[in-house]
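First up is the structure itself, then whatever we jot down about it.
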Amino acid sequence: MKSPDFVRALANLYAVQLHLCSARSPSSYTLARSVHAHMIASGFKPRAHVFNRLVDIYCKSYNLVYAQYLFDECPQPDVIARTTMIAAYSAAGKLKLAGEIFGGTSFHMRDTVFYNAMITAYSHNDDGHAAIQLFCDMRRDGFRANDYSFSSVLSALALVIENVKQCQQLHCAVVKSGAGLTSTVFNALLSVYIKCATSLQLSPSLMVAARKLFEEMPERDDPSWTTMITGYVKNDDLLTAKELLDGMNEKFGGGWNAMMSGYMHHGLYHEALDVFRKMLSSEIQLDEYAYTNVISACANAGFFNFGKQVHAYILKNVVTPTPAFSLPVNNALITLYWRCGKIEQAHEIFNRMTVQDLVSWNAILSGYVNVGRIDEAKNFFEVMPEKNLLTWTVMISGLAHSGCGEEGLKLFNQMKLLGFKPCDYAFAGAITSCSVLGSFEQGRQLHAQLLRFGFESSLSAGNALITMYARCGVVDDAHSLFLKMPCVDSVSWNAMIAALGQHGHGAQAIEFFQQMLKAGILPDRITFLTVLSACSHAGLVNEGRQYFDIMYKCYNISPGEDHYARLIDLLCRAGKFSEAKEVMKLMPFEPGVQIWEALLAGCRIHGNIDLGIEAADRLLQLIPQHDGTHVLLSNMYAVVGRWEDVAKVRKLMRDRGIKKEPGCSWIEVDSKVHVFLVDDAVHPEVQLVYDYLQNMVHEMRKIGYVPDTKFVLHDMEFDQKESALSTHSEKLAVAFGLMKLPRQATVRVFKNLRICGDCHNAFKYMSKLVDREIVVRDGKRFHHFRDGKCSCGDYW
DNA sequence: CTAGGGTTAG
């Protein structure tokens with residue numbers, strides 16, 4: 001046990017120490033933690049001012065939980081502690097808790113400062129009316145409003161003002177009110193003018209009035225300059241903002257930060273960096289806003305090296321940053337690191353932060369989503385302490401882009417049930433989910449909902465819709481949407497070229513590409529990927545090669561592995577293996593997974609067994625557990641009738657525990673979607689369809705559509721060969737559709753697995769037999785079978 | 001202890 005004297009001495013020491021450091025100083029947080037720990041260990045109950053000091057430090061370092069804990073420990077918290085807590089709750093957006101403290105404080109304890117804190121709490125949380133009401137109550141109850149009260153209520157008024165007249169009336173009222181006309185009050189008034197200018201779309205006249213007020217102010221401090229410069233920035237007048245900043249002689253940092261942020265939001269990253277460099281070389285104090293702005297600009301613009309240098313500079317020159325300092329800076333750093341491909345470092349920064357807020361969580365979540373590590377992203381999503389609209393949106397679009405369409409849609413509905421109003425990005429994610437699933441009906445409903453929400457001119461949602469319509473089989477709808485969109489960007493053009501290409505309309509895709517160039521849109525690396533795919537799917541070998549060449553020559557885009565893979569794919573599908581090998585020799589890097597996959601797929605089609613085995617060997621070294629490689633290898637052996645080797649690969653797959661996905665098809669009949677599974681023996685129509693197919697196989701053999709020796713079996717054993725064709729689910733589905741649909745109607749099949757050679761043959765035959773179009777989705781591509789031929793020109 | 005301004009996540 002400590003003696004009472006010792007504890008008293010300690011208490012005095014604490015009080016002095018805490019009194020000496022500012023609440024925002026770097027060491028205050030560490031000191032508070034050790035004092036707090038000591039208090040708990042020794043059972044020491046300090047006097048109110050020490051409590052208040054600790055509460056204040058915790059609040060200022062965003063450590064609301066500790067502050068709350070201390071506050072609850074206070075036997076009788078005085079008005080100062082209460083004021084501090086109200087401010088902290090307000091900053092954390094917990095208006096209700098702030099209100100509880102306010103309401104639970106008796107009248108005789110209250111003072112003006114206490115009222116001011118609550119007025120500010122309301123106005124910071126966008127409840128202007130409540131703030132104004134409380135300001136009136138305060139004066140009615142006999143408390144004198146001071147300049148802080150006026151500043152607070154002015155910012156509340158900015159929230160509710162509806163027209164210019166009110167704005168000017170307010171100006172007069174303030175002058176007459178007898179408020180101490182301090183610079184704070186002027187700044188608040190200036191801010192009212194500028195907020196109105198921005199929201200009422202009457203910017204010119206109000207900005208002139210604001211500037212007049214600014215010039216007439218008795219003295220202009222840092223916030224005055226910041227407010228005025230921000231005003232111009234918010235009204236998209238960067239030129240005037242810059243002029244004003246250049247005319248400023250004081251060493252205030254706020255205006256510079258505002259300027260940097262303005263440049264960044266207009267995509268002028270070089271200018272933003274210039275501002276930062278000027279700040280560095282002048283005597284302006286760099287603060288967290290400056291660092292946050294510049295790091296964010298670097299992350300957005302891809303200036304990763306500069307960003308990392310700033311990080312190093314901070315670590316070297318800013319001693320022991322407090323959590324309050326480091327929170328926004330670290331949040332920006334998380335984004336910087338994952339954007340430059342260093343997700344592990346981003347994670348480490350996240351882990352090392354003493355406090356994380358929602359922004360930190362969203363930043364790291366986006367990181368994992370954007371590098372495609374969806375399982376880790378899901379884990380973060382699960383354990384997040386709170387979620388906002390952005391959280392949900394990021395997760396939904398992440399799931400959709402990782403192929404988890406069902407989960408994406410589920411989350412979208414969950415989000416709506418929780419009362420979040422989806423933004424256009426959220427819609428885009430949900431729509432992309434439909435593309436993945438091929439759910440045309442749901443996609444159309446989402447489109448209708450989107451219009452009801454007033455997002456008809458949204459670029460991101462529009463682009464997602466183009467892809468959705470295309471991947472649900474209706475290119476025409478995609479096209480008419482593209483034409484209806486009020487403005488389009490390169491993503492829209494890419495989506496449209498992809499839509500045409502995926503449906504085998506190679507020539508039209510190229511035509512669209514030419515139109516894009518004519519419209520003055522610069523093609524990017526995605527454009528070329530898309531164009532090359534289109535050529536490959538339609539068998540346009542020469543065109544594809546030509547576009548591959550101009551990519552670097554005319555547009556200075558160096559082809560990546562993905563571009564080379566498309567080119568190899570194009571050549572191999574056409575059977576030009578020696579040329580493909582030539583390309584691989586001249587390639588500036590070693591072939592990776594994508595290249596070998598393209599090669600193997602081509603070999604499978606043409607039965608080029610030697611090259612195919614080499615490709616498969618390489619692939620199995622690179623990705624030993626990949627099911628697709630095994631399937632392709634086994635199919636290739638099947639193409640040349642090496643059934644023993646097929647069986648060996650099958651055994652290998654079993655030994656390695658590789659399970660192939662069950663084949664599953666969706667077929668659209670009378671707008672209802674029927675599902676067939678490979679082993680769907682319970683489906684009442686299966687036997688009927690089976691007989692239909694047996695008969696069809698027989699007929700196909702007679703005219704040579706199904707060569708006996710080139711039967712490709714991808715999920716059967718060798719001895720099941722005879723029944724293979726009739727058990728393939730997609731063919732069952734088509735047969736079913738043909739029997740049910742009225743003549744001439746188009747049959748659409750949506751399937752996410754690759755179709756095989758015998759499917760392709762069967763579809764061709766069926767289309768001729770029944771004289772109608774059959775549309776089959778094969779991964780991201782489509783085959784249109786008509787009159788015994790396929791749109792892919794048999795370059796499948 | 002309270003005010004006015006500039007920041008971070010897609």
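Letters A, B, ... mirror the listed sequences (proteins, then strands); counts begin at 1.
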What integer distance in Å separates [X]:[atom1] from [N]:[atom2]?
{"X": "A:F252", "N": "B:dG5", "atom1": "CZ", "atom2": "P", "result": "16 Å"}
{"X": "A:M260", "N": "B:dG6", "atom1": "CE", "atom2": "P", "result": "14 Å"}
{"X": "A:Y89", "N": "B:dT2", "atom1": "OH", "atom2": "P", "result": "16 Å"}
{"X": "A:I229", "N": "B:dG5", "atom1": "CD1", "atom2": "C1'", "result": "10 Å"}
{"X": "A:F420", "N": "B:dG10", "atom1": "CZ", "atom2": "P", "result": "18 Å"}
{"X": "A:I364", "N": "B:dT8", "atom1": "CD1", "atom2": "P", "result": "18 Å"}
{"X": "A:L189", "N": "B:dG4", "atom1": "CG", "atom2": "P", "result": "14 Å"}
{"X": "A:Y148", "N": "B:dA3", "atom1": "OH", "atom2": "P", "result": "8 Å"}

Which part of the nucleic acid, if any, lies within contact of [X], taking any heavy atom under 4.0 Å across all strands shown: a base, the sugar-phosphate backbone alone, or nothing?
{"X": "A:W338", "answer": "sugar-phosphate"}
{"X": "A:M395", "answer": "nothing"}
{"X": "A:S151", "answer": "sugar-phosphate"}
{"X": "A:S224", "answer": "nothing"}

Regarding A:D137 and A:Q133, is there a side-chain donor-to-acceptor distance under 3.5 Å anywhere?
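Side chains of A:D137 and A:Q133: pair found under 3.5 Å.
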Would you say the side-chain atoms of A:S492 and A:D489 include a donor-acceptor pair closer than 3.5 Å?
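Result is yes, a qualifying pair exists.
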Considering only [options], which nucleotide approaches the side chain of [X] most closely?
{"X": "A:N293", "options": "B:dG5, B:dT7, B:dT2", "value": "B:dT7"}
{"X": "A:E288", "options": "B:dT2, B:dT7, B:dG5", "value": "B:dT7"}
{"X": "A:K195", "options": "B:dT7, B:dT2, B:dG5", "value": "B:dG5"}
{"X": "A:V113", "options": "B:dT2, B:dG6, B:dA3", "value": "B:dT2"}
{"X": "A:V359", "options": "B:dT7, B:dT8, B:dT2", "value": "B:dT8"}
{"X": "A:P328", "options": "B:dT8, B:dG6, B:dG4", "value": "B:dT8"}
{"X": "A:Y289", "options": "B:dA9, B:dA3, B:dG6", "value": "B:dG6"}
{"X": "A:T184", "options": "B:dG5, B:dA3, B:dA9", "value": "B:dA3"}
{"X": "A:A363", "options": "B:dG10, B:dG6, B:dA9", "value": "B:dA9"}
{"X": "A:T393", "options": "B:dG5, B:dT8, B:dG10", "value": "B:dG10"}

Presence of donor-acceptor pair under 3.5 Å, side chain of [X] and base of [N]:
{"X": "A:D287", "N": "B:dG6", "result": "yes"}
{"X": "A:D222", "N": "B:dG5", "result": "yes"}
{"X": "A:S152", "N": "B:dA3", "result": "no"}
{"X": "A:T83", "N": "B:dC1", "result": "yes"}
{"X": "A:N388", "N": "B:dA9", "result": "yes"}
{"X": "A:T292", "N": "B:dT7", "result": "yes"}
{"X": "A:D221", "N": "B:dG4", "result": "yes"}

So does [X] get a side-chain nitrogen or oxygen closer than 4.0 Å to the phosphate oxygens (OP1/OP2) of [N]?
{"X": "A:T230", "N": "B:dG5", "result": "no"}
{"X": "A:H124", "N": "B:dT2", "result": "no"}
{"X": "A:T335", "N": "B:dT8", "result": "no"}
{"X": "A:S296", "N": "B:dA9", "result": "yes"}
{"X": "A:H265", "N": "B:dG6", "result": "no"}
{"X": "A:R339", "N": "B:dG10", "result": "yes"}

Using side-chain heavy atoms (C-beta onward) and a distance below 4.5 Å, is A:W256 in contact with A:F276?
no
Evaluate the side-chain proximity of A:F350 to A:W338: yes if any heavy-atom separation is below 4.5 Å, no if none is.
no
So among A:S152, A:S149, A:S151, which one has a side-chain hydrogen bond (donor to acceptor under 3.5 Å, both in side chains) with A:N116?
A:S149
Partners passing side chain to side chain contact (heavy atoms under 4.5 Å, CB included) against A:R373 (at least two apart in sequence or in another chain)
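A:R373: side chain to side chain contact (heavy atoms under 4.5 Å, CB included) contacts with A:I343, A:E344, A:Y368, A:V371, A:E376.
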Would you call A:R211 and A:E215 a salt bridge, taking side-chain N to carboxylate O under 4.0 Å as the test?
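Looking at A:R211 and A:E215, the cut-off is met.
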Could you pull out all residues at least two apart from A:Y337 that satisfy ring pair (Phe, Tyr, Trp, His ring centres under 6.0 Å)?
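By the ring pair (Phe, Tyr, Trp, His ring centres under 6.0 Å) rule, A:Y337 matches A:H311.
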